[in-house]
Amino acid sequence: MSGATVSRPHAIGATVSVRRESHTRIGLVLTRSIAKFDPRQQVRNPVIFIVYIFTMFTAAVALYPPIFPDIVRHGFHRAYYIDVTLILLATVWFANLAEAIAEAQAKAQADSLREVRSGLRARQILPDGKRRWVAATQLHRGDLVEVRAAETIPLDGDVAKGGALIDESMMTGESAAVVRESGGDRTSVLGGSKVLDGSLELRITAEPGTSFLDRMIQLVEATSRDKSPNEIALTLVLNALTLALLVVIVTLAYLLGYTGIGTLDLATLVAMLVCLVPTTIGGLLSAVGISGVTRVAKANVVCKSGKAIEAAGDLDVLILDKTGTITVGNRLAVQFVAAPGVDAETAQLTGLLASLFDETPEGRSIARLATLRGTRSPKLNVNECKILPFSTARRMSGLVLPDGTEMMKGSISAVSALAGGFPEELRKTADAASLKGMTPLALARQNQVMGLVILKDVVKPGIGQRLQELKTMGIRTIMCTGDNRLTALSIARESNVDEFVAEAKPETKLRLVAIEKSHGRLVAMTGDGTNDAPALARADVGFAMNSGTSAAKEAGNMVDLDSDPTKIIDVISIGKQLLITRGALTTFSITNDVAKYFAVIPAIFIGIPTLVFLNVLQLGNPQTAVLATLLFNALMIPMLIPLALVGASFRPMAAVDLLRRNLLLYGLGGLVSAFIGIKLLYILLVWLGLGSP
């Protein structure tokens with residue numbers, strides 16, 4: 001009972017805190033949306049800026065009619081002008097609100113990232129070996145720092161000495177800790193991550209303000225977002241359409257007066273223009289772009305350019321490096337094979353002892369596999385043993401025990417020469433493993449062949465299924481590797497890639513990217529090594545792994561903090577979703593406008609018998625019809641904000657099927673919703689006494 005009493009105040013306090021934070025965010029969004037009424041901000045969106053100008057104009061007419069005698073002379077109704085002004089004002093505010101909400105989401109994410117960076121200090125190693133504490137902002141590329149257990153890494157760097165268990169969850173969201181150590185291929189660390197165990201010396205690889213954390217902050221902040229070519233093109237089309245409709249409305253008003261058919265009230269002309277120009281997509285376009293960038297950042301991908309996101313959505317070809325991308329990055333021991341007359345335990349013990357002090361990933365995997373099979377190593381003092389490292393001349397490595405016994409592992413030819421022969425049955429097993437793309441190493445004890453240990457490039461789990469999704473989207477996958485053809489063929493079949501290039505050199509990958517681009521295709525390249533850097537830089541989307549080398553990360557325009565090559569599929573999905581969302585909103589807006597033609601034009605020219613057939617909605621009162629259409633036009637912006645922020649639903653399918661689905665859903669939906677919405681609003685306004693049918 002007492003426990004319940006104690007926990008209750010905490011629960012109440014947490015609830016109050018969440019409510020306060022929620023209220024604060026809402027207040028900031030509302031404040032920001034109102035601040036956007038500044039003309040200097042409005043002018044950045046020409047479509048909404050036109051609405052903004054006419055809002056100010058109709059407001060001036062409603063407040064000070066004597067200043068506009070020509071307008072007042074033609075049946076001026078102050079209440080009608082006030083209604084039109086308020087709806088126009090709401091239209092502009094809704095567009096501001098959409099952008100403010102998208103920016104608030106980005107700002108919240110940027111603020112949480114800044115909290116990681118704030119107050120970071122580093123133990124800098126001076127040239128004379130002394131240590132001193134400095135702020136992380138005072139560090140520069142090339143500086144050495146020491147980071148110990150329970151301390152936070154100040155800036156991005158490479159491990160120069162030592163090793164540690166590191167928690168990167170604050171940066172990547174991945175709860176599992178990772179090992180980073182010198183001398184291997186996992187030396188890169190992120191500023192803001194925390195050392196859990198061990199200590200290491202880091203060589204800083206980024207200047208303050210240019211780390212991956214800083215880039216992610218810049219990415220999610222709307223102020224640093226560059227418009228993509230597609231967004232720029234669509235903006236130009238919308239601006240041209242708005243200008244054309246403005247000319248049409250002005251010409252129409254002149255022709256009506258010139259021919260003597262009649263005159264249109266200025267407020268009605270303004271309402272007609274606002275209803276027919278693409279205000280819906282114009283008001284949401286910026287929010288769509290901002291939310292797309294935010295979604296990529298939430299996927300733990302640092303993007304140097306927002307343009308790369310949409311390029312990912314338009315990809316035709318994906319080139320993948322094998323090592324570290326499709327496979328785990330190192331050959332791992334998967335099987336022991338004992339020689340004729342040798343028991344399995346002896347063969348495994350030979351492999352374990354030969355790899356006991358081998359710190360290479362392959363050596364560790366051999367020792368790990370033997371241990372998992374139940375083999376236990378005798379207690380040995382490293383000072384009493386002689387370690388024989390691998391050399392190109394010997395093509396073997398191993399250990400000499402205190403009693404002089406040699407435990408060796410190496411190539412079959414080297415061990416065969418050492419032992420004076422090699423069992424034919426064992427050689428056949430080794431050849432069969434080689435044909436499958438695996439690497440057999442021979443094991444020997446005191447000049448006697450003990451067996452084989454077979455190493456294999458291990459394909460990352462689930463990558464075959466993920467690459468199949470790319471095929472469904474119409475994206476061709478090519479694996480590019482420096483391995484021999486047999487190994488490449490085996491990995492290609494297992495990983496489900498469409499094509500592969502074996503025995504590739506760095507210039508081969510670069511040439512492959514150039515060839516694909518010369519055929520007009522958009523190309524993405526994933527990789528993590530220095531040899532991948534030229535191709536990463538040349539590709540339209542260079543997707544580098546965070547666990548890779550600094551050269552690869554600098555060359556690419558995207559870096560995955562989780563070091564998961566299949567993440568490119570998620571980025572492609574986000575890019576496609578961004579394009580589909582923009583297309584869906586454009587389609588919806590256009591069909592909405594088509595329906596508004598049937599509502600506004602017949603209502604305005606209700607006295608002309610030849611246009612009666614267009615009045616399919618049977619709107620009898622012109623002013624009420626105009627207000628209903630104008631109000632519907634304004635309300636569609638906030639109703640579509642969730643779609644702009646979350647994105648249209650996307651699942652891998654053929655482009656034709658996707659186009660057909662979106663035209664049916666958003667095209668027909670926009671047309672039907674406009675007819676129904678305008679009619680219902682017309683009935684509501686009549687009921688409120690704002691006109692009579």
Side-chain angles (χ1 to χ4, degrees), residues 184 323 327-380 382 385-391 394-461 483-484 486-487 490-491 493-494:
T323 305
T327 63
V328 295
N330 299 294
R331 295 175 302 169
L332 303 179
V334 294
Q335 184 183 2
F336 283 105
V337 180
V342 178
D343 61 88
E345 175 65 24
T346 302
Q348 290 170 188
L349 180 60
T350 303
L352 174 60
L353 292 174
S355 307
L356 194 61
F357 300 109
D358 184 353
E359 293 301 317
T360 65
E362 290 85 356
R364 293 172 187 168
S365 73
I366 294 171
R368 187 185 308 114
L369 180 63
T371 303
L372 290 175
R373 297 287 174 84
T375 303
R376 295 290 178 266
S377 170
K379 293 184 179 180
L380 297 174
V382 65
C385 300
K386 182 180 180 182
I387 300 174
L388 301 175
F390 178 84
S391 68
R394 184 168 44 228
R395 290 182 296 163
M396 292 185 296
S397 65
L399 183 70
V400 179
L401 301 180
D403 62 2
T405 304
E406 291 184 352
M407 299 290 183
M408 306 295 292
K409 67 176 188 293
S411 68
I412 292 175
S413 58
V415 172
S416 177
L418 176 69
F422 202 82
E424 189 61 28
E425 182 180 341
L426 206 60
R427 188 180 295 277
K428 291 180 180 179
T429 302
D431 292 341
S434 297
L435 288 174
K436 294 179 181 179
M438 295 183 282
T439 303
L441 291 180
L443 302 174
R445 175 175 181 175
Q446 205 65 14
N447 301 337
Q448 181 182 355
V449 178
M450 293 287 105
L452 296 172
V453 58
I454 297 176
L455 305 177
K456 179 184 177 183
D457 274 329
V458 179
V459 173
K460 292 188 175 181
D483 288 335
N484 62 65
L486 289 175
T487 301
S490 174
I491 297 298
R493 287 174 175 172
E494 189 174 352

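The first residue of the sequence shown is numbered 1, and numbering continues consecutively from there. The structure presented is a predicted model; accordingly, all values stated were derived computationally and were not measured.
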What closest approach, in Å, do [X] and [Y] show between heavy atoms, and which atom pair accounts for it?
| X | Y | result |
| --- | --- | --- |
| V415 | A444 | CG1-CB, 3.8 Å |
| L443 | A347 | CD1-O, 3.5 Å |
| L441 | S411 | CD2-N, 4.5 Å |
| R395 | S413 | NH1-OG, 3.0 Å |
| A414 | M396 | CB-CG, 3.7 Å |
| P440 | A430 | CG-O, 3.6 Å |

Nearest 0.5 Å, please: how far is [atom2] in [Y] from [atom1] in [X]?
| X | Y | atom1 | atom2 | value |
| --- | --- | --- | --- | --- |
| M408 | Q448 | CE | CD | 15.0 Å |
| M450 | F336 | CE | CZ | 13.5 Å |
| Q335 | R373 | CD | CZ | 7.5 Å |
| T405 | D403 | OG1 | CG | 3.5 Å |

Do any side-chain atoms of residues 349-357 form donor-acceptor pairs under 3.5 angstrom with protein atoms, and if so which ones, sequence neighbours left out?
from, atom 1, to, atom 2, distance (Å)
T350, OG1, T346, O, 2.8
S355, OG, G351, O, 3.0
S355, OG, K409, NZ, 3.4

Legend entry - Side chain Q446, main chain E406, donor-acceptor under 3.5 Å: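 Flag set: sc Q446 to bb E406 pair under 3.5 Å.
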Inset, instruction - Mark yes or no for whether R364, through its side chain, and D358, through its backbone, hold a donor-acceptor pair below 3.5 Å. - result: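 No, the answer is negative, given that no donor and acceptor are paired below the 3.5 Å cut-off.
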What side-chain donor-acceptor pairs closer than 3.5 Å can you find for residues 418-427, not counting sequence neighbours?
none

Legend entry - Min side-chain heavy-atom separation L369-L332 under 4.5 Å: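 They are not in side-chain contact.
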Legend entry - R493 atom CZ: more than 12 heavy-atom contacts under 6.0 Å: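 Counting other residues, nucleotides and ligands, CZ of R493 stays at 12 neighbours or fewer.
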